[in-house]
Number of protein chains: 2
Amino acid sequence: MQGTPQPALAINHISVDCVVFCIENDELYVLLVKRDTNELHDMKLPGGMVYKEEILDVAAQRILKDLTGASVDSLRQFRSYSAKGRTNDPRDTHWLSHTLNTDIDSILTVAYFSVVNTKRTINKESSGIWVPLKSIGELAFDHNRILQDGFNHLQRIATVEPSILFEFLPRKFVISQLRAVYSLIYDKEFDVRNFHKQVNQMAWVKPLEERQKNVSHRAARYYKFDKVAYKRFFKFVANW
Amino acid sequence: MQGTPQPALAINHISVDCVVFCIENDELYVLLVKRDTNELHDMKLPGGMVYKEEILDVAAQRILKDLTGASVDSLRQFRSYSAKGRTNDPRDTHWLSHTLNTDIDSILTVAYFSVVNTKRTINKESSGIWVPLKSIGELAFDHNRILQDGFNHLQRIATVEPSILFEFLPRKFVISQLRAVYSLIYDKEFDVRNFHKQVNQMAWVKPLEERQKNVSHRAARYYKFDKVAYKRFFKFVANW
DNA sequence: GCAAAAGTGTTGGGCATACACCCATGA
DNA sequence: TCATGGGTGTATGCCCAACACTTTTGC
């Protein structure tokens, strides 16, 4: 900038990787895709290259849709990873150049995360597959690290903006479902009676008249999340 | 990927912008730089282009150092911004192409934030200038937005990892300084007596024997932040 | 002695925790 | 009638909030 000779500027391809969570049957799942080779680690986060002139958020939507069939609103980026040291594994580089038909010099990856309320958001014919977080093994590239960062991010967001927890649930849900979400994200058990009291005090969780049908036990009441009330009433207060 | 003709991939220059905070005399400051033209808005966040092969974190350090003289460890990225719609202002584009001597097609910006404990970290001869957050006007590009995001991020991080609040303070500090930090970041007043009690219960804030000297009032005791104790004792517990 | 900031204790109310039994339903 | 999960109340203790005066020091 002072007229002195400048080093060359970085010129990068941009990619996005998506960490998508879902809870079903008391289990926290992450959306992965199978890679189309048969080598050692064959799972990765859904992700791909951003096109020229493409908005990042749009690219994330498109890539997720293409790979898994999932249409997800509320994809939020949580951090970026520069390429250095990310693609040392020769299998990865081979796969990349094969897939992209071009020599990669460097890639900057922006990681997104999202929460969906049913595993059925994905297309069964796609390469997308839901894997329980607990049983995820070694992933391609640095995707284990990205996944870990994404989960930490989810936990932090949940503490400051608990509305995100309701994205795991359908519009109508019962309290035991909500309790399961809390248990999995905060990794702790909640007392049933106290949890009911808590929920009653959340002005943004509104009881419906409707109840479960055809269940072989007392039918539970449905509740819904009230976004307007949430915005009006929720104030995060940490006690220090 | 299926052999169908692909759209061109994004090829971007990468830039970083830094949001650096400092507290002095009960005032929260942000580090800005003056732009070297005399047009309407002449302040921006310190930032610049990343060089080829350069690690992002290193680039952020370098750029901050070059522009303001500040050597800051613990620069953390908090989100990225894709270029679309960021440089519509003709004065900005003119300035960019003038400064870079190249045609810009698009830039992806990664934003970093940091906290320093004294305004003296910057070089007075540099273009860096500390401006009270409250009195910051219109900035170049989308820097007002980035700044806002950065401050929100700081607040969120502070609630889940309060250790960051101690980065505003020198190694030895008195409780009224700590209280000022809490007040500014949480934007609320803390009762003096209750605050003392709180601090006494933080195992990671250790009293020293040393006291203030040459103050025209009762000399306050110095305290220090104990990182090891913090890691051992601090557990974030939200109450829901 | 006065101005300026440091430091200190108690009380009341509210909120989190712990805990066990009856209810409704389908099979 | 049994198995399954839904739903409810109370008592205790802890923590948070509110509140005012004395101490130390420099000038």
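The structure displayed is predicted, hence computed values, not measured ones. Note on naming: letters A, B, ... go to the chains in the order of the sequence lines (proteins, then strands), and numbering restarts at 1 for each one.
When each of C/dT8, D/dG7, C/dA6 is scored by its nearest atom to the side-chain atoms of B/Val192, the top-ranked nucleotide is C/dT8.
One interatomic measurement links the two molecules: NE2 of B/His196 to C1' of D/dA20, which rounds to 15 Å at whole-angstrom precision. Rounded to an integer number of Å, the gap from B/Phe195 CZ to D/dA17 P is 13 Å. Straight-line distance from the CZ atom of A/Arg221 to the P atom of C/dA24: 13 Å, rounded to whole Å. The separation between B/Lys197 atom NZ and D/dA17 atom C1' is 8 Å, rounded to whole Å. The distance between atom CZ of B/Arg193 and atom P of D/dT23, rounded to the nearest whole Å, is 15 Å. A straight line from CG of A/Asn214 to C1' of D/dG5 spans 15 Å, rounded to a whole angstrom.
Annotation: B/Trp204 is in aromatic contact with B/Phe234 [ring centroid separation under 6.0 Å].
The two residues B/Leu56 and A/Ser80 come nearest to each other via the heavy atoms CD1-OG, 4.3 Å.
Figure legend: A/Arg35 and A/Phe141 shown as a cation-pi pair, the cationic atom lying under 6.0 angstrom from the six-membered ring centre and within 45 degrees of its axis. Taking the centre and axis of the six-membered ring of A/Phe195, the NZ or CZ atom of A/Lys197 falls outside the cone set by 45° and 6.0 Å.
Comparing B/Ser216 and A/Asp191, the nucleotide of DNA chain D nearest to each residue sits closer to the 5' end for A/Asp191.
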